[in-house]
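Worksheet for the structure shown next.
Computed over heavy atoms, backbone and side chain alike; hydrogens, waters and symmetry mates excluded.
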Amino acid sequence: MELPVELFLALRYLRPRRTFVSVITVLSFLGVTVGVGALIVVLSVMAGFQQRLTEKIIGFNAHITVARTDGAVLYDYDKLVDLIQKQPDVMAASAIIRGPVLVEHQGEMTPAFIKSVPVDGDDPVLPIKKYLIMGDWELHGDSVIVGREWSKRNAAFPGDKITIYGAAQVQSFLHRNDRNSVIALPEEPIIRGVFQTGQFDYDLNYILVSTEMAQRIWGMPDAVHGVAVRLKDPDQAGEVKNRLNNLLPPTLHARTWMDDNRDLFNAIGIERVVMACILCLILMVAAFGLCSTLITTTIQKSREIGLMKALGANDFQVCGVFLFHGTVVGVFGTISGTLLGLLFLHNLSAIRDFILYAFHIQVFASSVYGLPEIPAVVNPAQIVIIDISAVIICILAALIPAVSAAKLAPARALRYE
């Protein structure tokens, strides 16, 4: 009896005398629970996917790449490297060669990309030596390091020999009838190691080679494709890019890692917004269910409402009864939905494995999403916003029947009593 009368009556209406709990109220409660849980799970997975993708992209690519605007190669790149390294916020800069090639192994030809890295792997711009999972980091002479997925798909492992055909070999083939042309033989390196970044596209398509071998493959012994730049803070890439573009001659242009992957991140951002809107509809459906429950309750309890008003209850007290009803459903549904969502996130891998084992459905294929497992980032601020929004939606859903009950005239409600 220490509870406010509005809250006391709201709790009584949640537990009618004839049934332990109202079936309609349970359905409204479950609707809020499922809606909140689904929002937390989906938005956390989308945020985790974006974060993991960003980490993989930054880990395997430079923060900024400087190249010629016309796509030509760079000569005298040492001077450009020294100039860029003197700029503030720049940690390191180094020349880079990256481009498509054809790789032959055991009579099978596959397309791939080569990427030049330092021989010892201690590159301050692209510290990818940490991704080595098999063999040794050996790029001296005729040695290369391949991605794990490429190695699996082509059954090529450390110790195997491959043949790489690049731009130099293609040009030599096109000018094979020219007597003055120099025949460029393909490179036949030996695989010394296997790397795994966790990004499916990189592990499948890239082969790491030394700068000297990359220059031979592309037929440009004194040139590179561009200069890779690593910053102290990747988020400052846009500001540093603008500064470099103002400093460099018009023939050179700087691009950030965000520019190179803008379409991908825009697509992820749109997907997050669309999924959030779709899942909010679940909460709206639950809100309509709660609203219909309270409308039914006001009709069933019209006699009690009239009696309360006849005994002196004002409109605000009557309105408060049904607002508390919606608030209680919203609060407890939100709490249970939050716990359900966090529990689901904690067991994502186990749930995925169970679905694959029981129904033979691949929920999160690494070949499609480029990640070996389902990523998730739990953002407390985001969860708080979702919970507050769910409670507000439930309160707003209860507002219409609450106002309708408050306007009920006592004489009309008690006419036949």
* Side chains of Asn61 and Tyr202, donor plus acceptor under 3.5 Å -> yes
What I'd like to find out is whether the side chain of Ile162 reaches to under 4.5 Å of the side chain of Pro189, using heavy atoms alone.
yes
Main-chain N/O of Ser210 paired with Ser116 side-chain donor or acceptor, under 3.5 Å: no
Residue set satisfying salt bridge (charged side-chain N to carboxylate O under 4.0 Å, His left out) with Arg68, at least two apart, ordered chain then number -> Asp70
Rounding to 0.5 Å, atoms CZ (Phe265) and CG (Leu53) come to a distance of 5.0 Å
- Message: A side-chain contact here means heavy atoms from C-beta on lying under 4.5 Å apart; do Ser44 and Gln382 qualify?
- Response: yes
| query | Are any of the side-chain heavy atoms of Phe332 and Val32 separated by less than 4.5 Å? | reply | no
Dump the intermediate steps for salt bridge (Lys or Arg N to Asp or Glu O under 4.0 Å) on Asp259 and Arg262, then the final yes or no.
CA-CA 5 Å; Asp259 294 332; Arg262 188 175 303 278; 2.4 Å; yes
Does Leu399 reach the side chain of Ile395, with side-chain heavy atoms less than 4.5 Å apart?
-> no
CG (Asp203) and CZ (Arg153) are apart, to the nearest 0.5 Å, by 11.5 Å
Taken in chain and number order and not counting sequence neighbours, the residues that satisfy ring pair (Phe, Tyr, Trp, His ring centres under 6.0 Å) with His253 are none
Close side-chain approach of Gln87 and Val240, heavy atoms under 4.5 Å | no
(message) Is there a side-chain contact between Asn246 and Arg243 in this structure, where contact means two heavy atoms from C-beta onward sitting under 4.5 Å apart?
(response) no
Do side-chain atoms of Asn242 reach the backbone of Glu239 as a donor and acceptor pair under 3.5 angstrom? no
To the nearest 0.5 Å, atom CZ of Arg255 lies from atom CG of Asn245 at 10.5 Å
Q: Indicate yes or no: at least one non-hydrogen side-chain atom of Leu252 is less than 4.5 angstrom from one of Leu80.
A: yes
(Q) Under the criterion side chain to side chain contact (heavy atoms under 4.5 Å, CB included), I'd like the reasoning laid out for Val391 against Asp387: C-alpha separation, chi angles, the key distance, then a yes or no. (A) CA-CA 6 Å; Val391 174; Asp387 291 349; 5.7 Å; no
Kindly determine whether Val90 and Leu231 satisfy side chain to side chain contact (heavy atoms under 4.5 Å, CB included), including the steps that lead there. CA-CA 5 Å; Val90 174; Leu231 307 178; 4.0 Å; yes
Requested in this report: Dump the intermediate steps for side chain to side chain contact (heavy atoms under 4.5 Å, CB included) on Leu283 and Val36, then the final yes or no.
Outcome: CA-CA 7 Å; Leu283 287 177; Val36 171; 4.0 Å; yes
Output for pair (Asp353 CG, Ser349 OG), nearest 0.5 Å, gives 6.5 Å
(request) Using a 4.5 Å cut-off on heavy atoms from C-beta on, say whether the side chain of Ile191 contacts that of Ile145. (result) no
Using side chain to side chain contact (heavy atoms under 4.5 Å, CB included), reason through Ile64 and Ile84 one step at a time and then give a plain yes or no.
CA-CA 11 Å; Ile64 294 178; Ile84 295 175; over 6 Å; no
Sorted by chain and residue number, the salt bridge (charged side-chain N to carboxylate O under 4.0 Å, His left out) partners of Lys115 (sequence neighbours excluded) come out as none
From the list Trp150, Tyr206, Phe60, Trp218, ring-ring contact (aromatic ring centres under 6.0 Å, His included) partner of Phe113 resolves to Tyr206
